[in-house]
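Notes follow once the structure below has been shown.
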Amino acid sequence: MDANKRQRYEKISIELTRLAGGRENIQGVAHCATRLRIVLQDNDKADLKAMEDVDLAKGVFVAGDQVQIIFGAGLVNDVYEVFAEHNNMKNMSLSDLKTVANKKMNPLQRIIKALSDVFVDIMPGILAAALLTGLSGVLGNFEMVKENETLFGINRLINISSGAIFGFLPLAVAYSACKRFGGRPILGIVIGCIMLSNSLADAYAAAQGTVEVTTLHIFGMGVDLVGFQGGIIVALLMGFVTAKLDLFFEKKVPEVIRLLVSPLLTTLVGALLLFTVIGPVGRGLSSGITNALVWMTRNLGVFGYAIFSGLQQLVVITGLHHIFGAIEAQLLADTGRNFINPLMSVAIIAQGGAVLAYLVRHRKNVKVRELCIPSFISVLFGITEPALFGINLRYRFPIIGGCIGGALGGIVVYLSNLAALGFGTTVVPGIALADPAGNGYVNYIIAHGVAIAGGFIMTLILGKFMDQSQEEASQTATAASAAVKADTFAEEAEDAENTQEAPQEELFFGYAQGRVIPMEEVKDETFANKVLGDGVAVIPDAGEVYAPADGTVISVFDTRHAVCFASKYGTEILIHIGVDTVNLQGKYFEAHVKDGDVVKKGQLLVSFDKEQIEKAGYDTVIPMIFTDLEDGRRLEPSAPGRAGTDAPVAVIHKA
């Protein structure tokens, strides 16, 4: 990771930890494609409103009892790495986080979350299959491809590849489900192989009556030897059952014979349940879901489509939208066409239209432009979280305008009989999945044009009546922040008594023996460009760092290379020992204080082996950064020279 970025993410981590109620309130952390997910012991201790203003954050919400902070695709990975490291949770597995979060979820939330996890794991394969299907369909329409032997052969291979992935999708689902519920993934693969065994009659051929089906009689029950091609629901159930059987037999079988007997019993019992109980039940569920969706399209018609596309993005807000993956997969397996995909796609682009409308209304606001433009770009690739939580839901009227636009797009989907041949991607890349029958590609573009225009126009109209002025929005935010903090008023009052009013001049003394240099001379762009804030730096003579004033230790990094400190007047600073020394993972550093310690000026905070760190190739310069100076307070660094604990190296002047 680039050093400049890392320093910025460290500051974000410090701020998020504080706003989350401190390390002791954080139980777990993980991330998905766009969100940093934090499980807190007590959500009421967190200042969610203030989190929205954290650097690079695009929105904050609570779903599934997780505080979820939108950073965006790619960025969230780097922020997570530093945040998890800062809170000593880097080695915490996703399953650990789920266990903590699940304890706070109701049964329905747990089921939906589990389904989401299963499909997230195998989504790359599903996307590959869906895009290959779309590509094959596009190429197949060109006469040049049909007439050219080589191009025809390549397209045929593409078609085979996409069909193969979808053909073995139940195996992938069984594998992922078994893994998700704690079983050994290989046993999920084994069950998936049994489901698709060529010793069984092909499910599609059996449904058409073109193949003879053998029937066994077990315990008086007739068991048809039919495969489970397209059996997504069955695969989900079998993955769960296999995992639980594996855990059970691993616990009950004596260790001496466990390696041989446990997987044998898991596979045998699982196979029996597959053909006698799980298979029939799963097929019934699958049939019920498909029939319900088909019933909706035939009986509710245009209203069913409009309602679905109008409200679909509200489901995204709850975090339950991943369940649609299982429904889409089953719909494709049963009917060969997926009308849900274009409905979700127009719902997404309509929210993008709402973002553009909000941008037009506030085009002179630099911060709005910085938030809206990247959010809209994300929408074009099917990711709405930055738009939803950063703008539309935050200001209320854009989400309404977007939902109306989505409903209008859904009407066009119905009237044009638009459907997809796969699932897993939407909006711009999603056009590759559109069924080309009946001018499908043209209809896809028209439906999205109507949706984005509808979202844009309706948001502009609603904005005339519902949009707050910037001053009103600021007052609302202040009131909301005050409400969040109401429960901790007594604690804050106590802290206020311990924090003295800042004098006209606040002195910060030498925190290390050595030579003082301006921040601009530090050989690191983040410090030199004052990305984290202004300050001073010391080139140390020895490996000791002292408190520059009386105050409190906010936090000591787990790697012990940095300390966050607040003076008795509340001025916050970050003392960072060396450049890129976080890579040493705490080697050569020793902390002499801990989080929350009250210290005196000149008290030893951290000691370090200066020579060994320099031998390892790291610069040992020690910047002291003032990370959050209030308006009206000005920093005056001392002139370059020698530093000592009895002479000030920086003065904060109060206007």
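Quick note: residue numbers are just sequence positions, from 1.
Note: Tyr441 OH to Leu418 CG = 11.0 Å, rounded to the nearest 0.5 Å. With rounding to the nearest 0.5 Å, the separation of CD1 in Ile278 from CZ in Phe228 is 10.0 Å. Here the straight-line distance linking atom CG of Asn443 with atom CG of Asn417 works out to 9.0 Å at 0.5 Å rounding. Note: Ile26 CD1 to Asn88 CG = 11.5 Å, rounded to the nearest 0.5 Å. Taken from CD1 in Ile452 to CD1 in Ile348, the straight-line distance is 12.5 Å, to the nearest 0.5 Å. To the nearest 0.5 Å, the span separating CD on Gln27 from CG on Asn87 amounts to 12.5 Å.
Counting only distance, with no hydrogens or angles, the side chain of Asn25 and the backbone of Asp42 share a donor-acceptor pair below 3.5 Å. Judged purely by atom type and a 3.5 angstrom limit, Asn148 uses its side chain to pair as donor or acceptor with the backbone of Leu151. A distance-only check finds no donor-acceptor pair linking the side chain of Thr215 to the backbone of Val223 [under 3.5 Å]. Between the side chain of Asp246 and the backbone N or O of Thr266, no donor-acceptor pair lies under 3.5 Å. With hydrogens and angles ignored, the 3.5 Å screen pairs no side-chain donor or acceptor of Ser309 with any backbone N or O of Ala347. Panel note: side chain Tyr444, backbone Asn439; no donor-acceptor pair is recorded below 3.5 Å. A distance-only check finds a donor-acceptor pair linking the side chain of Gln229 to the backbone of Ala203 [under 3.5 Å].
Ala243 and Gly183 get closest at one heavy-atom pair: CB-N, 3.5 Å. What you find for Gly182 and Leu247 is that their closest heavy atoms are O-CD2, 3.4 Å. For the pair Ala434 and Gly440, the tightest heavy-atom approach, listed with the atom from each and the gap, is CB-O, 4.4 Å. Residues Ala451 and Gly409 approach most closely at CB-CA, 4.0 Å, considering heavy atoms. Taking all atoms of both residues into account, the shortest heavy-atom contact from Cys178 to Arg184 is SG-O, 3.3 Å. Nearest heavy-atom pair, Gly454 versus Leu408, reported as atom, atom and distance to 0.1 Å: CA-CD1, 4.0 Å.
Below 30°, between 30° and 60°, or above 60°: for Phe181 and Phe240 the angle between ring planes is above 60°, a perpendicular geometry.
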Output, in order, the C-alpha distance, side-chain angles, deciding distance and verdict of side chain to side chain contact (heavy atoms under 4.5 Å, CB included) for Leu433 and Asn341.
-> CA-CA 9 Å; Leu433 306 184; Asn341 179 269; 4.3 Å; yes

Full working for side chain to side chain contact (heavy atoms under 4.5 Å, CB included) between Phe308 and Ile340 | CA-CA 9 Å; Phe308 185 95; Ile340 291 179; 3.8 Å; yes

Gln312 vs Cys403, side chain to side chain contact (heavy atoms under 4.5 Å, CB included): CA-CA, chis, key distance, verdict | CA-CA 8 Å; Gln312 190 270 340; Cys403 287; over 6 Å; no

Between Leu187 and Ile191, does a side chain to side chain contact (heavy atoms under 4.5 Å, CB included) hold up when you go through it step by step?
-> CA-CA 6 Å; Leu187 294 179; Ile191 289 295; 5.8 Å; no

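Heavy-atom neighbours of Leu259 CG from other residues, nucleotides or ligands within 6.0 Å: at or below the threshold of 12. By the neighbour-count criterion of 12 heavy atoms within 6.0 Å, atom NZ of Lys146 is densely surrounded, having more than that number from other residues, nucleotides or ligands. Counting heavy atoms of neighbouring residues, nucleotides and ligands inside a 6.0 Å radius, atom CZ of Arg156 does not exceed 12 of them. Within 6.0 Å of atom CZ in Phe152, 12 or fewer heavy atoms from other residues, nucleotides or ligands are found, so the atom counts as exposed in its surroundings.
With contacts defined as side-chain heavy-atom distances shorter than 4.5 Å, the pair Leu196/Phe168 qualifies. The shortest distance between side-chain heavy atoms of Leu225 and Ser199 does not fall below 4.5 Å. Within the 4.5 Å cutoff, side-chain heavy atoms of Val253 are placed close to those of Leu265. Residues Val281 and Ile233 have side chains not in contact (no heavy-atom distance under 4.5 Å, counting atoms from C-beta outward). Counting only heavy atoms from C-beta outward, the side chains of Ile218 and Phe275 never approach each other to under 4.5 Å.
Taking the centre and axis of the six-membered ring of Tyr80, the NZ or CZ atom of Arg37 falls outside the cone set by 45° and 6.0 Å.
In summary, of the residues considered (Thr426, Val428, Val412, Val346), a side chain to side chain contact (heavy atoms under 4.5 Å, CB included) with His448 occurs for Val346 alone. Considering Val29, Leu40, Leu36 as possible partners of Val67, the one that fulfils the side chain to side chain contact (heavy atoms under 4.5 Å, CB included) test is Leu40. Of the residues listed (Thr276, Leu216, Val277), the one engaging Met221 in a side chain to side chain contact (heavy atoms under 4.5 Å, CB included) is Thr276, and it is the only one.
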